Amino acid sequence: MIEGIDRLNEVEWEVKPGFVPEMRVPGKFFLSDSLAETLEEGAIKQLANVATLPGILKYSYGMPDIHWGYGFPIGGVAAFEMETGIISPGGVGFDINCGVRLLTTPLKKSDLGKPKRLINELFHTVPTGVGTRSEKKLSADELEDMMCEGAKWAVNMGYGTPEDLNRCEEKGFMEAADTDFVSKKARLRGMPQCGTLGSGNHFLEIQEVSEIMDPEVADKFGVSKDQICVMIHCGSRGLGHQVCTDHLKDLESATKKYHINIPDAQLACAPIKSDEGKAYFGAMAASANYAWANRQMITHMVREIFEKVYKIDYSDMKLVYDVTHNVAKYETHVVNGQKTEVCVHRKGATRAFGPGCHDIPHELSDFGQPVIIPGSMGTSSYLLKGTQTAMEKTFGSTCHGSGRIFSRSKAKKSAQGAEIKDELEKKGIFVKATSNKVIAEESPEAYKPSSEVVSVVHKAGISLEVARLEPIGVIKG
DNA sequence: ATGTGC
């Protein structure tokens, strides 16, 4: 193991102050022995770098899917004190509100017929791939409303039901959105891309519930054994990417202006309450809203296809929940025994609020928030529940699932897309993608196994397993 | 992740 790190128990490790100079708090990460074999020292250094930032509270955290990212590690969580703390685009990531939602159906596998037909239909309806455009081109006014109201805007436009909003983190939109700080360039990228899936590890997957670990909670979440579900994983597309790019530049100068010492230029940041910090937060929230509306529009397309192909009702496909994997938020947490407002950055991490917390759907309040962990292509996905332990240990946070072991370029070299597609098809998983290249890049071997990642957070108690889902068919960009 | 080197 790496020097300067203590193992606390089976799944918890501590990075001692001094691992890098000027750490204000220790680092803490969650890992199993087998995941430790593929741990990148660079990611732990990034975790330690985050611990040097002003106003950081308790720990700089790493989830078991931690890997090297831009400035902050992916699979990282850090909370900052509101007066002395900072906000940083690197702590959120380029794909603002990349997230995932799970939809149920009243169908079983035997009702599906040939999944190939369904997958083809989905592939031809949901725009997929880099730079793809939507059939609906937004007007400037519509984009403005979409950025202010997120999934609520989409539902008002007819892309879903009010019940959907109840099953989204933040009810599907952040009120803090301030579109004054979204550039013209970002808007121009966003206008033609609403309701598109994107590329990379984004996907739309047909899944079967293969195992129920917590029958009572699965029932409350609306999930049952052998049920067919749909998982949608995508983000804010070119708009969020542009917002991140624009504000990084702005915050690089702000870092100097406010005399913040950072060990890595990629940690560019500004005080939370500074003009620059507030501008980034407002634009980030607008991008997050774009992503929620985007997933809501894709949900609508999926429901219409299922209605057409399987003659089921639109309302038979209920939303279990929608979580974000990349966001910064103001939240109230207990710090030193006091309820305190803090700014939590989650980058490749999921909120996992426990029973009784605010912003959990009322009917699920006794059980904790649904947590959705997508697997990599061809591997299991998981439904978990948030816990009180997460509230106490990790500012109500857990893993997000897709932790790379090696880079896209290395994945491409080590695997052929066509072969992976054939192998998955032999296992009964039908993959339809815009190119074999993206299949090679997303090869399951390029990722930490989702089962192992989930097992660690379960053992640590920061979220608990409710159900496992296996892929049947997937579309990718 | 991304109008996929700047």
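Just so we're clear, the structure is a prediction, and the values are computed from it rather than from any experiment.
When the P atom of B:dT2 is taken as reference, atom NE2 of A:His247 falls 19 Å away, rounded to whole Å. Separating the CD atom of A:Glu442 from the P atom of B:dT4 is a distance of 17 Å, rounded to the nearest angstrom. Here the C1' atom of nucleotide B:dT4 and the NZ atom of A:Lys437 are 6 Å apart, to the nearest Å. We find that CG of A:Asn326 is positioned 11 Å from P of B:dT2, with the value rounded to whole Å. Atom-to-atom, NZ of A:Lys185 to P of B:dT2 comes out at 16 Å; the value is rounded to the nearest Å. Whole-Å rounding puts the A:Gln242 CD to B:dT2 P distance at 13 Å. Summarising the geometry, the separation between CG on A:Asp95 and C1' on B:dT4 is reported as 14 Å, rounded to the nearest angstrom. Nucleotide B:dT4 holds its C1' atom 9 Å from the CD atom of A:Glu441, rounded to whole Å.
At a cut-off of 3.5 Å, with distance as the only test, a side-chain donor of A:Ser32 or A:Glu452 sits close to an acceptor on the other residue.
A:Gly93 comes within contact range of no nucleotide atom at all, as no heavy-atom separation falls under 4.0 Å. Among the atoms of the strands shown, base atoms are found under 4.0 Å from some heavy atom of A:Arg408. At the heavy-atom level, A:Lys347 lies nowhere under 4.0 Å from the strands shown. Within the nucleic acid shown, A:Gln193 comes within 4.0 Å of sugar-phosphate atoms alone, with no base atom in reach, counting heavy atoms only.
Looking only at side-chain heavy atoms (C-beta outward), A:Glu170 and A:Trp292 come within less than 4.5 Å of each other.
Applying the ring-ring contact (aromatic ring centres under 6.0 Å, His included) test to pairs two or more places apart or on separate chains, those with a residue in residues 245-273 of chain A are A:His247-A:Tyr280.
In this structure A:Tyr159 satisfies the ring-ring contact (aromatic ring centres under 6.0 Å, His included) test together with A:His300, sequence neighbours excluded.
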